[in-house]
Amino acid sequence: MKQAMLAGLIALMVGAGAAAAATTWETGGKTMGTWYQVKVAYTPDQALDGLKNEIEQGLAQDNTLLSTWRPDSTLSRFNGYAGTQAQPIPEGMALVIRTALQVAEKTQGAMDITVGPLVNLWGFGPGGVPTHTPDAAAIAAARQQVGWRHLHLSERDGKAWLQKDLPSLYVDLSTVGEGYAADRLAALMARHGITNYLVSVGGAVVTRGKSASGQPWKVAIQQPTDKQTRIEAIVDLQGHGISTAGSYRNYYQRDGRRLSHIIDPASGQPISHHLVSATVIANTALQADAWDTGLMVLGPERAKALALREGLAVYLIIASDNGFISWQSPAFARYLVGATAH
Ligand code: FAD
């Protein structure tokens, strides 16, 4: 179920049957409440011993760093600290927060990693779905606890420091943690001298080089339906990261409304416009993962304007009375290798 909710992208095996100079080594499993996948096109002279262990250890470290689902994670300890003194944080966490705050600024707070109290209130955090729709007073109270400008990242003595000026501020890195983890898997491949790979964590993917068939890896953006197999577009990432955010899989129905896990911090409510999927390709999966949620919150017209202004590679899918309409920014075109006509 969780996989069905989270994956917006699929790795495509291309060129099956072509004369292959390499073989595919493949592994995957559960992490962070979602799934990871690693595919390596390798030649017999490459030793991959111990790689699976290192992958799983790396993912476990990321989880121990960034999870709000684990009370003992570094992030949960920061959230549990009810003071306003700056706290030293590991560089990996600083990188994630720095990227998230940059995108928060550019999206005027549509992407906000302090939105956790609202995420939890609407039932998309560790506490599960509430029995009643939150009322205006509960939403207003949660909104008092939200605001990325209450979070301050600085550097001193060669260390990163994180400070909140609201003691109860709750940082939720769910929207960016998968991208960070995918980039770390890519870095692990590089450390092993592996140059042909595809790695994914949830809806964040990085590819480098070619698949075992000798063709560039291809990644499919799924159509925003409950069916996992319908393909909307196919891209060749050319060594970049990609991430998709969508409102169509992680939701529940309540009082005649379809409530999405993406929350608009400005209203305190789940988004309710017609943008159903936003895909971003960026230098890193972390950057792509930060942008996609921000664009989802902004809705179709503001997302398009921001993508054009920032030169982002973006593919949007918008629901209309006549089915889905897709839109791509000019920067996206260089990655596109196939698309479904609407
Ligand atoms: P994305 O679109 O990437 O992000 C949506 C999520 O971001 C929402 O679910 C919400 O949490 C948050 N969000 C909503 N609105 C905003 C906004 N305006 N600005 C910023 N963020 C917003 N899930 C489990 O079920 N069990 C686990 O044990 C678990 N552990 C995790 C550990 C880590 C380190 C991380 C990063 C995530 C974990 N998750 C866990 C969450 C899960 O795997 C997904 O990350 C999460 O459901 C969102 O992923 P997504 O790609 O669907 O959505």
Side-chain angles (χ1 to χ4, degrees), residues 1-9 30-36 58-76 92-93 96-97 99-101 103-104 107-129 142-143 146-148 151 170-182 184 200-205 222 224 242-252 259-271 275-280 285-299:
M1 179 64 179
K2 200 72 200 242
Q3 181 190 27
M5 290 190 303
L6 291 173
L9 301 165
K30 279 207 88 173
T31 185
M32 303 177 185
T34 183
W35 303 86
Y36 79 89
L59 291 168
Q61 281 168 1
D62 299 342
N63 206 25
T64 307
L65 187 67
L66 302 179
S67 179
T68 47
W69 304 72
R70 285 184 56 161
D72 60 343
S73 72
T74 308
L75 179 61
S76 290
M93 188 164 149
V96 174
I97 291 176
T99 306
L101 292 179
V103 173
T107 59
Q108 297 178 312
M111 208 299 258
D112 186 340
I113 53 172
T114 70
V115 78
L118 287 162
V119 171
N120 293 345
L121 182 71
W122 286 97
F124 295 103
V129 174
R143 283 191 66 205
V146 172
W148 63 277
L151 196 62
Y170 176 90
V171 179
D172 177 354
L173 298 176
S174 289
T175 194
V176 275
E178 294 170 357
Y180 171 74
R184 288 239 310 150
S200 69
V201 181
V205 182
Q222 292 178 303
I242 186 169
S243 179
T244 290
S247 60
Y248 52 99
R249 293 217 176 110
N250 195 354
Y251 67 89
Y252 62 91
L259 302 173
S260 157
H261 69 141
I262 297 184
I263 311 291
D264 184 349
S267 66
Q269 309 252 355
I271 55 170
L275 177 58
V276 285
S277 163
T279 297
V280 180
L286 171 60
Q287 289 166 346
D289 209 4
W291 278 110
D292 64 3
T293 309
L295 297 178
M296 273 306 296
V297 172
L298 289 175

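One-based numbering, in listed order, for ligands and for the atoms of each. Numbers here simply count residues along the sequence, with the first being 1.
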**Item:** For ligand 1, the portion of F124 having any non-hydrogen atom under 4.0 Å away
**Value:** neither
**Message:** Checking contacts here: is it the side chain or the backbone of A110 that comes within 4.0 Å of ligand 1, counting heavy atoms only? Could be both or neither.
**Reply:** backbone
**Item:** Minimum heavy-atom distance between T279 and T244, given as atom pair plus value
**Value:** OG1-OG1, 2.7 Å
**Item:** F124 side, atom CZ; S174 side, atom OG - distance, nearest 0.5 Å
**Value:** 12.5 Å
**Message:** Just so I know, are the side chains of L151 and V171 near enough to count as touching, which here means a heavy-atom distance under 4.5 Å?
**Reply:** yes
**Asked** ligand 1 and L173, any nitrogen or oxygen pair closer than 3.5 angstrom?
**Response** no
**Item:** From D289, N120, T175, D172 - option closest to atom 4 (O) of ligand 1 by heavy atom
**Value:** T175
**Element-labelled atoms of ligand 1 that are located less than 4.0 Å from some non-hydrogen atom of M111** = 19 (N), 20 (C)
**Asked** Is the backbone N or O of G246 less than 3.5 Å from a side-chain atom of H261, with the two atoms forming a donor-acceptor pair by type?
**Response** yes
**Fill in**
With sequence neighbours left out, the residues meeting side chain to side chain contact (heavy atoms under 4.5 Å, CB included) with Q61 are R184
**Prompt:** For atom 10 (C) of ligand 1, which candidate among T68, V119, L66, V103 provides the closest heavy atom?
**Reply:** V119
**Item:** Residue pair A290 / M111: nearest heavy atoms and the distance that separates them
**Value:** O-CG, 3.3 Å
**Asked** Closest heavy-atom contact between D292 and S243?
**Response** OD2-OG, 2.6 Å
**Item:** Heavy-atom gap G202 to ligand 1 smaller than 4.0 Å
**Value:** no
**Request:** Taking E178 for its side chain and G203 for its backbone only, find out whether a donor-acceptor pair lies under 3.5 Å.
**Result:** yes
**Pairing residues for A110 by the side chain to side chain contact (heavy atoms under 4.5 Å, CB included) criterion, not counting sequence neighbours** = T107, V297, L298
**Fill in**
atom 22 (C) of ligand 1: of V115, T244, I113, the nearest heavy atom sits on V115
**Fill in**
Looking at D112, N63, T34, the heavy atom closest to atom 32 (C) of ligand 1 belongs to N63
**Request:** Output yes when the distance from some N or O of ligand 1 to some N or O of I262 is under 3.5 Å, and no in every other case.
**Result:** no
**Request:** Please verify whether a non-hydrogen atom of G294 lies at under 4.0 Å from ligand 1.
**Result:** no
**Message:** Show me which atoms of ligand 1 lie under 4.0 Å from any heavy atom of P265.
**Reply:** 18 (N)
**Proximal atoms of ligand 1 relative to A245 (non-hydrogen, under 4.0 Å)** = 2 (O)
**Fill in**
Nearest non-hydrogen contact to atom 5 (C) of ligand 1 from the set K30, E178, H261 belongs to H261
**Item:** Pair S67, S73: side-chain N/O donor-acceptor within cut-off below 3.5 Å
**Value:** no
**Request:** Considering the heavy atoms of V297, write down every atom of ligand 1 situated less than 4.0 Å from one of them.
**Result:** 18 (N)
